[in-house]
Amino acid sequence: MIALLLLTAAAVCHASWNLLVKSSGQKEPEFVWLYAVITTPVALGLVLWSLANGTLAAQWWPGLVSMVLHTAYAVVLQRAYGEGEFSVVYAVSRGMTPVLVTLAAIPWTGSPSPQAWWGVAAVLVGVLIMDRVRPGHGLARGSALGLAVAVCSCAYTLWDGYAMASLGVHPLPYLAVASLGQVVVLTAVLAPRRRLRSVLPQWRRALPIALLAPASYCLVLLALAIEPVGAVATGRTLNVVVGVLLGVLILRERLTPHRAIGLTTVVGGVLLVSLQPIA
């Protein structure tokens with residue numbers, strides 16, 4: 001019950017900050033830098049606290065790996081929302097993630113059950129239905145970028161699950177190290193472009209994202225600490241539904257019949273993958 005409450009809160013926070021990214025109208029990485037910079041005082045305080053109590057040594061290198069993966073995710077996500085509809089990009093990226101996690105884990109967990117393979121097929125079919133792909137035509141730009149977001153999300157999900165379960169990292173300093181590292185890396189990469197100052201007036205748009213993004217993932221990490229990765233992936237199916245509803249209700253995106261059918265198929269497939277029997 002506690003894990004379900006954590007994941008429900010995380011789903012609302014996650015869909016909300018993604019909606020704010022889409023609404024910002026920004027698609028360049030400078031906006032990612034801006035909402036990362038806003039979290040710097042809190043992240044620095046957590047790192048100093050971890051250093052003072054002697055726990056930083058266990059957090060810094062896993063946190064830096066997470067930083068690389070989360071930065072790639074944030075930059076690709078920014079671009080995806082700049083070029084695709086929110087309800088499509090969000091559903092594709094969140095729906096494909098547990099599928100990719102299941103497939104990527106095969107070398108360690110073995111082949112998934114037949115139920116999981118049916119789930120994989122259902123998610124893929126659902127994505128194609130939502131995008132109305134026809135023979136001889138590829139995915140739309142937004143859906144293709146949604147798949148790229150899912151790849152990044154799969155990578156950080158696997159790494160963060162390993163860090164929580166096997167390395168025993170503490171969620172708060174772990175996220176703080178990743179956040180500070182992201183600011184340093186993005187500043188070093190983007191400073192030569194001389195565009196960082198131009199994005200500063202967007203701080204009011206970036207502030208709620210800076211609060212909701214780490215809050216949503218901290219809730220997920222807490223859930224990972226008390227429940228298996230598969231159960232957490234199941235709970236995160238809520239993200240797909242909440243995200244699409246926000247896109248329809250707030251951004252006034254159309255929920256056409258083929259999108260509704262595709263979304264239902266994606267959610268059903270994710271549940272089949274995530275609820276597969278454990279041998």
Side-chain angles (χ1 to χ4, degrees), residues 7 10-11 13-15 17-19 21-22 27 29 32 65-66 68-107 109 112 116-133 138-162 213 216-217 220-221 224 229-230 232-244 246-247 259 262-276:
L7 291 172
C13 290
H14 189 277
W17 79 256
N18 274 254
L19 182 71
V21 169
K22 172 64 177 178
K27 62 179 182 179
V32 177
V65 174
S66 182
V68 172
L69 301 175
H70 278 271
T71 301
Y73 164 77
V75 171
V76 174
L77 184 74
Q78 192 77 39
R79 174 66 64 175
Y81 285 143
E83 301 192 21
E85 289 193 342
F86 176 80
S87 56
V88 174
V89 172
Y90 195 82
V92 171
S93 62
R94 302 317 305 170
M96 284 298 300
T97 297
V99 169
L100 295 177
V101 168
T102 297
L103 296 178
I106 288 176
T109 62
W117 285 117
W118 279 111
V120 169
V123 170
L124 294 175
V125 169
V127 169
L128 296 177
I129 292 174
M130 289 182 67
D131 208 40
R132 301 191 77 170
V133 173
L139 288 174
R141 179 73 170 163
S143 295
L145 285 169
L147 289 174
V149 173
V151 171
C152 297
S153 183
C154 168
Y156 78 64
T157 298
L158 290 171
W159 175 254
D160 290 342
Y162 171 74
S216 67
Y217 204 63
V220 172
L221 291 179
L224 282 169
V229 173
V232 172
T234 303
R236 297 198 79 188
T237 309
L238 290 168
N239 291 29
V240 180
V241 178
V242 173
V244 172
L246 289 177
R259 282 192 183 175
L263 173 64
T264 303
T265 306
V266 167
V267 172
V270 171
L271 289 173
L272 286 174
V273 170
S274 303
L275 294 174
Q276 63 176 310

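These values consider heavy atoms only, across backbone and side chains, with no hydrogens, waters or symmetry-generated copies. One-based numbering along the sequence shown.
Across Val75 and Pro29, no two heavy atoms sit closer than the pair CG2-CB, 4.1 Å. Heavy atoms only, all atoms of each residue included: Gly82 and Lys27 are closest at CA-CB, 3.8 Å. Of all the heavy atoms in Ala10 and Ser216, the pair that sits closest is CB-O, 3.5 Å. Closest heavy-atom contact between Ala15 and Leu246: CB-CD1, 3.7 Å. Closest approach of Cys152 to Val76, counting heavy atoms only: SG-CG2, 4.2 Å. Closest approach of Val149 and Ser93 over heavy atoms only: CG1-CB, 3.6 Å.
Considering only heavy atoms from C-beta on, Arg94 comes within 4.5 Å of Ser153 through its side chain.
Shown here are the ring-ring contact (aromatic ring centres under 6.0 Å, His included) partners of Tyr81, two or more places apart in sequence or in another chain: Phe86. Every residue meeting the ring-ring contact (aromatic ring centres under 6.0 Å, His included) condition with Trp17, not counting sequence neighbours, appears here in chain and number order: His14. Cys154 is linked by a side chain to side chain contact (heavy atoms under 4.5 Å, CB included) to Leu100, Val101, Ala104, Leu158, counting only residues two or more places apart in sequence or in another chain.
Here the CH2 atom belonging to Trp117 is positioned 9.0 Å from the OG1 atom belonging to Thr102, to the nearest 0.5 angstrom. Between atom CG of residue Leu145 and atom CG of residue Leu77 there is a gap of 10.0 Å, rounded to the nearest 0.5 Å.
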(message) Using the rule given for side-chain contact (heavy atoms from CB on, under 4.5 Å), can you reason through Leu147 versus Val92, listing the C-alpha separation, both sets of side-chain angles and the distance that settles it, and then say yes or no?
(response) CA-CA 6 Å; Leu147 289 174; Val92 171; 3.8 Å; yes
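Looking only at distances, a side-chain donor or acceptor of Lys22 sits under 3.5 Å from a matching main-chain atom of Gly84.
Between Trp159 and Tyr162, the ring centre distance stays below 6.0 Å.
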